[in-house]
Number of protein chains: 2
Amino acid sequence: MNAVKPRYQQLKDLIIHRISTGELQPSDRVPSEYELVEAMSVSRMTANRALRELNDEGYVKRIAGRGTFVSDFRSQSHLLEVQNIADEIAGRGHSHSCTVIRQSRQHARGEVARALHVEQGTDVFHLQLVHHENAMPIQVEDRHVLASFAPDCLEQDFEAVTPSAYLTAVAPLQEAEQIVRAAMPNGAIRAQLKIDEGEPVLVVIRRTWSKGRPVTFARLQHPGSRYEMTGHYTPPGRPRSTSADVVQLEQLKQ
Amino acid sequence: MNAVKPRYQQLKDLIIHRISTGELQPSDRVPSEYELVEAMSVSRMTANRALRELNDEGYVKRIAGRGTFVSDFRSQSHLLEVQNIADEIAGRGHSHSCTVIRQSRQHARGEVARALHVEQGTDVFHLQLVHHENAMPIQVEDRHVLASFAPDCLEQDFEAVTPSAYLTAVAPLQEAEQIVRAAMPNGAIRAQLKIDEGEPVLVVIRRTWSKGRPVTFARLQHPGSRYEMTGHYTPPGRPRSTSADVVQLEQLKQ
DNA sequence: CTCAGTAGGTTGTATATACAGGTTAGTACA
DNA sequence: TGTACTAACCTGTATATACAACCTACTGAG
């Protein structure tokens with residue numbers, strides 16, 4: 001249980017810690033191999049292994065001849081998949097806008113408390129937003145955030161910065177779990193998404209961890225006729241990417 | 001363009017090639033570091049790096065003191081996600097059964113030809129199946145398979161072995177692309193899935209690659225009320241897994 | 001001022017060596 | 001027979017060293 005970790009792992013942990021505490025910001029320069037040799041009294045090969053693995057794992061980006069730099073949100077977030085609807089829409093060259101329906105403090109109960117692994121009555125923030133792509137509603141976001149995780153959540157202007165972007169700025173989101181289903185929306189959702197009666201929604205329920213505990217729980221609903229998730233899976237070791245897109249899919253016969 | 005690859009990468013490519021051709025079967029022993037030193041005239045550190053990275057990438061499993069072994073299908077297939085509905089159902093401890101609606105040879109046209117990157121008129125097999133979980137229909141599978149990829153496709157008994165299992169046995173499926181959407185089913189699908197009018201389906205359109213080219217294209221439809229996809233995302237470097245499940249989700253309020 | 005060349009720092013790879021620790025099979029001893 | 005030990009092999013880690021390739025900034029020549 002208390003096994004001593006290998007040196008290269010200690011180096012990795014040290015640097016990951018500096019990144020997760022914000023001491024090292026995205027695009028900041030990470031100590032070079034020789035600096036680690038000096039500072040940590042290891043051989044360069046050990047420092048090299050630590051930095052190389054951090055590079056493989058997406059934490060940092062190494063450039064031969066220049067140095068090692070903390071990955072920016074874009075490249076380190078391949079694990080977060082399609083966390084940020086605004087980026088997704090921007091990637092399509094469309095304009096994103098957002099309307100805040102609700103932004104309040106609540107006491108977690110029932111489902112929310114269980115999802116966030118907290119006692120009933122724990123402080124949480126409750127957000128409800130409608131995201132638009134080119135003025136067309138594309139997502140209703142219903143999110144609960146652990147108050148202790150993001151204390152200044154009520155002061156944020158979520159029409160300017162999406163909750164996803166805000167939350168990843170507060171602390172790195174390290175793990176996510178999601179459920180995808182098809183469902184029929186209720187009347188409120190149907191009105192918010194401006195969809196016809198009888199049209200289904202794609203529902204994504206996502207729970208995200210930071211520092212080992214769940215910190216936010218969101219239910220995202222998209223109009224079935226205007227939204228689809230796309231994913232791309234490559235073998236381990238090769239670059240992996242996943243994105244969502246509103247492609248005008250050529251209709252399959254039948 | 002023709003840059004010479006580093007030695008350790010050559011070793012990795014060699015071993016991956018042996019695995020993908022079937023020369024090395026799951027749980028087979030991979031040459032040890034010293035054997036690679038002898039056979040390939042590299043230093044042990046280089047052989048070590050190749051095998052260690054293959055281990056990190058899930059291709060092999062290394063056991064100190066014993067050796068290096070090819071990962072079995074289960075652990076190397078984390079990239080294939082939920083390819084096989086039968087395994088998914090078995091994982092829930094339920095019984096899986098399957099009805100073949102159609103199993104025929106066709107000429108690819110339109111959408112199918114484009115998806116498989118072949119000329120119009122190329123030979124493909126067309127499969128239509130209904131999968132049941134505990135006698136309840138859970139998926140309608142409409143799949144096209146490149147005939148040249150799996151020539152004996154018409155002789156298979158897909159009520160015994162699912163197309164996914166069969167295809168992965170023919171050759172390793174190495175890459176996948178999928179689109180997930182919510183839609184309303186047509187009458188035939190609604191009948192096959194035994195769902196009520198007004199109930200949506202979760203549609204998964206998946207295209208799978210082997211040896212660099214798309215070999216199969218499937219449209220999977222699930223009843224929205226009885227099926228959901230679940231995914232779990234962990235940071236790169238940590239074990240990654242994704243599965244689907246029919247959880248009786250505690251209903252979110254609203 | 002402009003541009004070519006260069007020095008120095010940085011990563012990328014490769015090797016030889018060493019020791020620690022796990023696993024297995026066989027051997028020697030009781 | 002049975003058990004303890006050992007030899008052989010394997011992976012895991014760590015170090016020192018070397019050379020190549022890349023990038024930046026500076027310097028000196030024109």
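Just so it is clear: chains get the letters A, B, ... in the order the sequence lines come, proteins before strands, and each one is counted from 1.
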Enquirer: Is A/Tyr8 touching bases, backbone alone, or none of the nucleic acid, heavy atoms closer than 4.0 Å?
Expert: sugar-phosphate

Enquirer: Can you tell me the distance, in whole Å, between the CG atom of A/Leu36 and the C1' atom of C/dT10?
Expert: 12 Å

Enquirer: In whole angstrom, what separates A/Glu53's CD from D/dG12's P?
Expert: 12 Å

Enquirer: Taking atom P of D/dC9 as reference, at what distance in whole Å does atom CD of B/Glu35 sit?
Expert: 11 Å

Enquirer: Once you round it to whole Å, what is the distance between C1' of D/dC9 and CZ of B/Arg62?
Expert: 13 Å

Enquirer: Before accepting this row, confirm whether a basic side-chain N of the pair A/Arg52/A/Glu33 lies closer than 4.0 Å to the acidic partner's carboxylate O.
Expert: no

Enquirer: Testing the basics here: between B/Arg213 and B/Leu146, what is the closest heavy-atom pair and its distance to 0.1 Å?
Expert: NE-CD2, 3.7 Å

Enquirer: Tell me which of B/Arg29 and B/Asn48 sits closer to the 5' end of DNA chain D, going by the nucleotide each one is nearest to.
Expert: B/Arg29

Enquirer: Where each residue is assigned the nucleotide of DNA chain D containing its nearest heavy atom, which of A/Thr46 and A/Ala64 is assigned the position nearer the 5′ end?
Expert: A/Thr46

Enquirer: Looking at the rings of A/His96 and A/His131, which for Trp means the six-membered one, are their centres under 6.0 Å apart?
Expert: yes

Enquirer: In terms of the nearest nucleotide of DNA chain C, which residue is placed more toward the 5' end: B/Gln9 or A/Ser32?
Expert: A/Ser32

Enquirer: Using only heavy-atom distances, decide whether a donor-acceptor pair under 3.5 angstrom links the side-chain of A/Arg7 to the base of D/dG12.
Expert: no

Enquirer: Over how many whole Å does the gap from B/Tyr34 atom OH to D/dG12 atom P extend?
Expert: 13 Å

Enquirer: Does B/Arg49 get its side chain close enough to the base of D/dT11, under 3.5 Å, for a donor-acceptor pair?
Expert: no

Enquirer: Locate the shortest heavy-atom distance separating B/Arg181 from A/Leu202; write the atom from each residue and the value.
Expert: C-CD1, 3.9 Å

